[in-house]
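Whatever order the structure lists them in is the order used to number ligands and atoms, beginning at 1.
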Amino acid sequence: MSGDLLFIPGPVTCAQEVLAAMARPMVNHRGEKFAGALKGVQEKLARIYETAGDVLVLGSSGTGGLESAVVNLFSPDDVLLSCPVGNFGKRLASIARTYGADVEVLDTEPGQGLDPERLAKRLRVDRKHKIKGILLTHNETSTGVQNHMEELARAMEGHPALRVVDSVSGLGASRLPVDELGFDAVVGASQKVFAAPPGLAFVAVSARAWDAIAKAKTPRFYFDFTKAREFGADGQTPWTPPVSQVFALDVALDRYHAEGAANAHARHVSHAAAIRAGVQALGLRLFGDPRYASPTVVTMVVPEGVKASAVLKELRERHGVVLAGGQGDLKGKIFRMGTMGAINRDDVVRALTALGEVLCARGHACDPAQAGAAAEQEYVAIAQAG
Ligand SMILES: *Cc1c(COP(=O)(O)O)cnc(C)c1O
């Protein structure tokens, strides 16, 4: 059974082998088979995070992973510096506010990345170290922006605040060595780069974070990291886990490592470059500052006189191609096209051609064949530059 071509930034197309793992017979979640799979997942994720610390696996979507970081690391009234560059960064700030944190926002214009100098400046004037936590987004899925995490890590040097990073749509598509960069809680999820079904979040937790967790006072039960670590050491979770999702993620991570992290990074970069070339060949403008262009989500401006929702509907119904629109203030203003998941070059060419056909039919002057051709050329150019 083949479904639609999924070009939304999660959930994404899963390989058949990954889906097949979901159909395995159910097992005892306190037995050996499950422990083997969970330990496999923990170890394979630790290699991707490049950490010697703990990786906790939670039965939850990515948002639960973000919530878990907030409730475990901080106390009500803690001053947190939120640095959103789009909707998901704002969501993390909302979670923190929900649990009583005193959230200060360092705002960035949509389409821009976080300026390391601004962050450094804000931290420099916090001489008394009132700021207890810094909330960052690695890859902002709502705008197609990837922050420069190494520069941000340098900008935070010397300040003791805990660094929380939402890398739900970033982890695995570019390097994020969390120990080296000194990040304290880095959140990922199963349904993005790793191309497994939704249902699992994971968090890399630093030694410094564990000290804070022991003292933090925000109430928590389901997402208690201390319990998750205790059970995780035995290949278990405190509560009944989504067993089938763990099997699927284990297979997906095997596939990831068989490809190799560097090749996986290059795959996302080349799909993103090909999509950018294709949409520009259609006369569309890319959204956002190219210096921060994400490898996992390409964003483009909806052309004048075209109704975004109608384009998305027709793409889906007539061509079986599923793209995403804008969120929040960007609704109706941009299209978003993901590069994650088990998609290939032909899929990308097909999706771009379909986008061209739909736009053409709606009065936007363009040649749909040019989109595919430009994408193909980009793949060739990247392979030659090798
Ligand atoms: C997808 C995503 C999330 C989490 O979304 P869930 O729907 O809760 O899995 C969080 N942050 C970013 C940047 C994302 O792309």
Side-chain angles (χ1 to χ4, degrees), residues 6-14 45 48-49 56-71 82-96 98 108 110-114 134-149 152 163-174 176 178 183 185-204 222-223 241-242 245-246 248-249 252 268 272 287-288 292-299 322-328 330-331 334-341:
L6 270 189
F7 275 93
I8 54 173
V12 301
T13 305
C14 303
L45 285 172
I48 294 164
Y49 279 114
L56 307 177
V57 180
L58 310 169
S60 155
S61 85
T63 305
L66 298 174
E67 180 159 336
S68 77
V70 168
V71 299
S82 155
C83 312
V85 296
N87 255 26
F88 286 101
K90 287 182 187 160
R91 181 185 293 182
L92 180 51
S94 304
I95 295 169
T98 300
T108 295
Q112 281 296 329
L114 174 59
I134 303 166
L135 311 179
L136 298 167
T137 312
H138 176 200
N139 189 82
E140 178 50 70
T141 319
S142 69
T143 58
V145 158
Q146 184 149 103
N147 275 320
H148 297 171
M149 300 309 284
L152 295 179
R163 288 93 158 124
V164 173
V165 181
D166 172 353
S167 188
V168 171
S169 66
L171 189 70
S174 44
L176 191 69
V178 304
F183 296 148
V186 181
V187 179
S190 53
Q191 81 275 24
K192 308 261 169 137
V193 171
F194 304 110
L200 290 168
F202 20 91
V203 191
Y222 185 79
F223 285 132
Q245 262 91 351
V246 172
L249 181 60
H268 290 88
F287 178 77
Y292 296 101
S294 161
T296 57
V297 193
V298 176
T299 47
V322 190
L323 261 57
Q327 298 176 325
L330 291 172
K331 196 171 165 66
I334 61 169
F335 296 124
R336 296 178 300 143
M337 206 167 156
T339 66
M340 301 171 279

Side chain Asp166, main chain Gly89, donor-acceptor under 3.5 Å: no
Output for pair (Leu45 CG, Phe202 CZ), nearest 0.5 Å, gives 5.0 Å
Interatomic distance, Leu66 atom CG to Arg91 atom CZ [nearest 0.5 angstrom]: 8.0 Å
Under the rule for side-chain hydrogen bond (donor to acceptor under 3.5 Å, both in side chains), what residues qualify as partners of Asn139, not counting sequence neighbours? Gln146, Ser169, Ser294, Thr296
Report the distance from atom CD of Gln327 to atom OG1 of Thr143, rounding to the nearest 0.5 Å. 9.5 Å
Between ligand 1 and the protein, which N/O pairs are shorter than 3.5 Å?
residue, atom, partner, partner atom, Å
ligand 1, 8 (O), Ser61, OG, 2.5
ligand 1, 8 (O), Gly62, N, 3.3
ligand 1, 8 (O), Thr63, N, 2.8
ligand 1, 8 (O), Thr63, OG1, 2.5
ligand 1, 9 (O), Gly62, N, 2.8
ligand 1, 9 (O), Gln191, NE2, 2.8
ligand 1, 11 (N), Asp166, OD1, 3.3
ligand 1, 11 (N), Asp166, OD2, 2.6
ligand 1, 15 (O), Thr141, OG1, 2.4
ligand 1, 15 (O), Lys192, NZ, 2.7

Ser167 (side chain) donor-acceptor with Leu171 (main chain) under 3.5 angstrom: yes
